[in-house]
Amino acid sequence: MWSFEHLDRLPNKRGSCSSTVLPQPPKRRTMEELWKDISLNASKLDQHGLYHHSHPADSCSSPFPNMILQDFLAGPLNRPPYPPPAVVEELPLPPPQAALSLNSGLEFQFLGEPDQAKTHSNSSSNNVGGNAANGSFISSALSAGPPSPTAIFSFCSRKRSTTERPGAADRCQIRMIKNRESAARSRARKQAYTIELESEVSHLKEENAKLQRQNEELMRNQVVATKSTLQRSSTAPF
Amino acid sequence: MSRDPLVVGNVIGDILDPFVKSATLRVLYNNKEVTNGSELKPSAVVNEPRVEIQGRGTRTLYTLVMVDPDAPSPSNPTKREHLHWLVTDIPETANASCGNEIVSYESPRPTAGIHRLVFVLFRQSVRQTIYAPGWRQNFNTRDFAALYNLDDPVAAIYFNCQRENGCGGRRYL
């Protein structure tokens with residue numbers, strides 16, 4: 001089918017847009033590291049055997065002899081460890097998908113790949129072999145890297161809501177809107193209380209300052225008054 | 001840049017139109033003054049509050065209305081507004097008990113959500129007879145004021161109230 005060695009031999013015109021052609025030594029190393037990590041987890045799921053593929057062996061050498069186009073396009077997290085073990089009957093279910101997806105792994109096919117990859121795969125759903133025509137977008141898919149977890153998650157929840165029941169999506173929507181309104185009310189409540197408290201504080205501070213000034217004045221007046229009363233009111237007549 | 005809590009809390013909008021405050025309204029439950037927008041438990045508002053009005057200082061009479069605009073629940077206020085208390089002919093600097101209690105005080109007992117309880121004060125131009133509505137729910141303060149020629153309100157204050165314990169259970173769509 002396809003392989004990195006195969007991509008190595010792509011004509012130079014594709015090499016000009018070298019950003020999409022993957023197999024340069026530094027990138028290969030990081031991809032290998034990624035696959036090593038996957039293999040560490042994938043080995044735990046080997047016995048689940050949720051992923052079955054049997055395809056006629058292709059003449060071209062490839063590291064993924066049992067992988068179909070859809071599996072490849074499902075994303076780099078979906079790929080079995082590279083280089084693969086000698087006999088690969090089943091592809092283990094990739095754990096990051098299992099960890100992040102909300103529904104069962106079987107439902108999951110595409111993981112936030114670029115749209116062009118989806119449309120291509122739809123048209124060539126029966127196309128087991130990869131040919132040079134697919135090589136361009138495959139290489140771009142390869143270079144897309146692992147989809148971000150948030151993209152997977154949002155895609156997950158969207159897909160789940162529409163596949164369960166027709167009314168479930170509406171209910172989700174209604175619930176979401178209600179929750180938003182409730183949140184808005186809560187924010188308004190909080191803000192109203194804060195504004196009230198702030199205005200009360202400023203009002204009380206003003207009053208306090210005014211009263212203190214009054215108090216000082218009264219104290220001063222009182223002092224003055226007491227001084228003035230310390231005068232002799234009468235003198236002894238001798 | 002502070003705004004009015006009544007506006008932010010949507011009291012002005014849901015129940016009242018914007019008005020100019022021309023009197024001071026103080027509501028005291030158990031001798032504690034209610035701060036606008038604060039939260040009180042149903043156990044604290046079981047009995048009717050003490051109401052203190054400070055206005056022009058002349059011998060004007062006031063009408064006090066207490067409504068719950070979030071009945072039965074804030075997300076579904078089909079019974080807006082629920083009338084809790086209606087007192088008329090309250091003289092200034094006197095308690096509401098000196099006025100005519102048209103609709104007796106009903107303790108707020110919200111079952112779902114966090115309800116606003118709003119006190120609205122109107123100034124009466126004359127001593128007038130106000131009739132109690134047939135029922136407490138679906139009261140409309142605006143219509144009420146228009147019906148009895150009460151002009152714009154002169155003061156308003158509100159607090160929040162929710163169930164004493166728990167949330168009231170899950171609500172189904």
Side-chain angles (χ1 to χ4, degrees), chain A residues 101-104 107 153-215 217-218, chain B residues 1-16 18 21 24-28 32-40 54 68-78 80 110 112-119 155-163 167-173:
Chain A
S101 70
L102 297 176
N103 45 355
S104 68
E107 284 189 68
F153 189 73
S154 61
F155 193 88
C156 267
S157 51
R158 244 179 282 135
K159 191 160 167 75
R160 175 202 194 198
S161 65
T162 49
T163 50
E164 275 188 2
R165 277 186 312 272
D170 304 319
R171 238 174 288 166
C172 272
Q173 198 92 28
I174 292 169
R175 177 108 55 93
M176 195 174 70
I177 292 170
K178 280 202 169 183
N179 188 262
R180 285 223 183 105
E181 289 171 4
S182 175
R185 272 199 304 275
S186 178
R187 283 194 297 271
R189 213 182 306 134
K190 180 177 179 177
Q191 199 181 1
Y193 190 46
T194 312
I195 289 173
E196 172 71 22
L197 286 181
E198 282 174 357
S199 70
E200 232 185 270
V201 162
S202 66
H203 181 244
L204 288 172
K205 277 187 179 171
E206 263 183 55
E207 214 184 303
N208 196 24
K210 188 178 81 169
L211 288 172
Q212 276 190 348
R213 266 181 273 127
Q214 271 185 16
N215 200 23
E217 248 189 71
L218 285 172
Chain B
M1 191 52 202
S2 62
R3 290 151 65 206
D4 189 3
L6 293 173
V7 171
V8 175
N10 255 322
V11 170
I12 292 182
D14 287 345
I15 310 155
L16 304 173
K21 185 176 170 179
T24 318
L25 173 66
R26 293 178 73 214
V27 176
L28 298 105
K32 280 208 286 194
E33 184 176 350
V34 172
T35 311
N36 218 352
S38 61
E39 175 147 351
L40 294 170
Q54 262 177 336
D68 177 357
D70 297 325
S73 102
S75 56
N76 188 27
T78 49
R80 168 176 291 176
I114 302 181
H115 294 220
R116 294 165 291 173
L117 279 306
V118 187
F119 292 92
I157 193 170
Y158 86 103
F159 66 92
N160 296 304
C161 189
Q162 62 178 311
R163 270 172 68 96
C167 66
R170 179 183 164 179
R171 271 159 289 291
Y172 295 88
L173 290 172

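Every chain is numbered from 1 and lettered A, B, ... according to where its sequence line falls, protein lines coming before strand lines.
- B/S75 places a side-chain heavy atom less than 4.5 Å from the side chain of A/R185.
- Rounded to the nearest 0.5 angstrom, B/N10 CG and A/R189 CZ are separated by 11.5 Å.
- Looking at heavy atoms from C-beta onward, A/Y193 lies out of side-chain contact with B/P5 at the 4.5 angstrom threshold.
- The neighbour count for B/E39 CD, taken as heavy atoms of other residues, nucleotides or ligands under 6.0 Å away, is above 12.
- Under the 4.5 Å side-chain criterion, counting only non-hydrogen atoms from C-beta, B/R3 is in contact with A/Q191.
- The two residues B/G9 and A/A192 have their closest heavy-atom pair at N-CB, 3.9 Å.
- Heavy atoms closer than 4.5 Å to chain A are found in the side chain of B/N160, but not in its backbone.
- The structure places CD of A/E196 at 14.0 Å from CZ of B/F159, a figure rounded to the nearest 0.5 Å.
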